[in-house]
Amino acid sequence: MSAGRLSGKGAVCYDVSCVTPFQRAVYDALLRIPVGKVTTYKRLAESIGCHSARAVGQALRRNPFAPQVPCHRVVASDATLGGFEGHRLGAFLKKKRGLLESEGVVFDQSGRVLPEYFLV
DNA sequence: TCCCTGACCCCCA
DNA sequence: CTGGGGGCCAGGG
């Protein structure tokens with residue numbers, strides 16, 4: 001019930017009472033990714049001082065606030081999609097890709113996000 | 001506490 | 001391209 005705020009200019013709020021401190025750190029980091037850009041599990045992990053991209057994947061996998069908390073803007077290090085809404089299946093990835101494309105992100109023919117869309 | 005499972009990553013064959 | 005192995009760490013049982 002307690003509304004969590006995001007770092008800085010809060011355009012989105014989420015319920016902090018049902019997430020762990022680690023998840024909150026991950027979600028706050030997500031909210032700093034601008035529309036039309038993506039980052040990777042690894043880089044997001046590094047940005048919050050975590051040495052495990054996998055642990056970040058765990059948090060995103062359980063994200064109850066998608067796509068308000070934009071976990072679709074996180075992809076794998078090889079620029080492939082990773083997962084969405086708890087799954088790695090094509091049907092879910094299709095939705096993830098659709099969201100990204102609607103934000104202007106472009107993919108190459110092998111289904112990878114083009115380099116220029118990565119957050120620097 | 002130990003044990004196991006992952007939307008990960010990196011290296012090598 | 002595919003597969004195997006090691007390392008990483010949070011969360012749940």
Side-chain angles (χ1 to χ4, degrees):
Chain A
M1 308 268 263
S2 61
R5 54 148 206 104
L6 58 153
S7 44
K9 44 273 171 178
V12 181
C13 289
Y14 59 85
D15 187 343
V16 164
S17 68
C18 58
V19 305
T20 65
F22 179 75
Q23 282 172 31
R24 183 170 178 179
V26 172
Y27 301 156
D28 276 355
L30 287 182
L31 295 170
R32 294 196 295 272
I33 306 174
V35 173
K37 290 287 184 179
V38 302
T39 187
T40 68
Y41 296 97
K42 179 186 174 73
R43 283 164 58 179
L44 195 156
E46 292 172 340
S47 77
I48 61 172
C50 176
H51 293 288
S52 172
R54 199 169 202 178
V56 168
Q58 281 283 351
L60 299 192
R61 178 178 172 249
R62 293 189 178 106
N63 175 16
F65 315 110
Q68 292 305 305
V69 174
C71 55
H72 58 282
R73 305 212 269 253
V74 183
V75 300
S77 285
D78 64 1
T80 55
L81 279 175
F84 190 54
E85 292 178 343
H87 306 268
R88 273 174 295 185
L89 306 176
F92 292 88
L93 297 188
K94 187 178 177 185
K95 288 196 291 183
K96 181 171 181 176
R97 175 166 173 163
L99 281 171
L100 289 173
E101 290 181 324
S102 75
E103 296 179 350
V105 175
V106 180
F107 293 75
D108 68 16
Q109 59 179 18
S110 67
R112 292 162 192 252
V113 174
L114 295 181
E116 56 263 43
Y117 295 95
F118 281 80
L119 188 56
V120 181

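Chain identifiers are assigned alphabetically (A, B, ...) following the order of the sequence lines, protein sequences preceding nucleic acid strands; residue numbering begins at 1 within each chain.
A chain of hydrophobic side-chain contacts below 4.5 Å, direct or via other Ile, Leu, Val, Met, Phe, Trp or Tyr residues, connects Leu93(A) to Val105(A). One hydrophobic cluster, built from ILVMFWY side chains closer than 4.5 Å, cannot hold both Tyr117(A) and Val35(A); they sit in different ones.
Between the CD1 atom of Ile48(A) and the C1' atom of dC8(C) there is a distance of 13 Å, rounded to whole Å. Distance, Arg73(A) CZ to dA7(B) P: 22 Å, rounded to whole Å. Atom NZ of Lys94(A) and atom C1' of dA7(B) are 20 Å apart (whole Å). Between the CG atom of Leu44(A) and the P atom of dC9(C) there is a distance of 16 Å, rounded to whole Å. One interatomic measurement links the two molecules: CZ of Phe22(A) to P of dC9(C), which rounds to 10 Å at whole-angstrom precision.
Looking at Val26(A) and Tyr41(A), their side chains never come closer than 4.5 Å, going by heavy atoms from C-beta outward.
With dA10(C), dG7(C), dC9(B) as the choices, the nucleotide that has an atom nearest any side-chain atom of Lys42(A) turns out to be dC9(B). Set against dC9(C), dC9(B), dG11(C), the side chain of Gln23(A) has dG11(C) as its closest nucleotide. You'll find that the side chain of Ser52(A) is closest to dC8(C), out of dG12(C), dC8(C), dC9(B). Among the nucleotides dC9(B), dA7(B), dG11(C), the one closest to any side-chain atom of Ala76(A) is dC9(B).
Below the 3.5 angstrom threshold, one finds a donor paired with an acceptor across the side chain of Arg54(A) and the base of dG7(C). Remark: the Gln58(A) side chain and the dG6(B) base include a donor-acceptor N/O pair separated by less than 3.5 Å.
Ring pair His72(A)/Phe84(A) is perpendicular by interplanar angle, where above 60° counts as perpendicular and below 30° as parallel.
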Dot-bracket for DNA chain B, 5' to 3', counting Watson-Crick or G-U wobble pairs under 3.5 Å, with [ ] for crossing pairs and | for inter-strand pairs?
-> .|||||.||||||

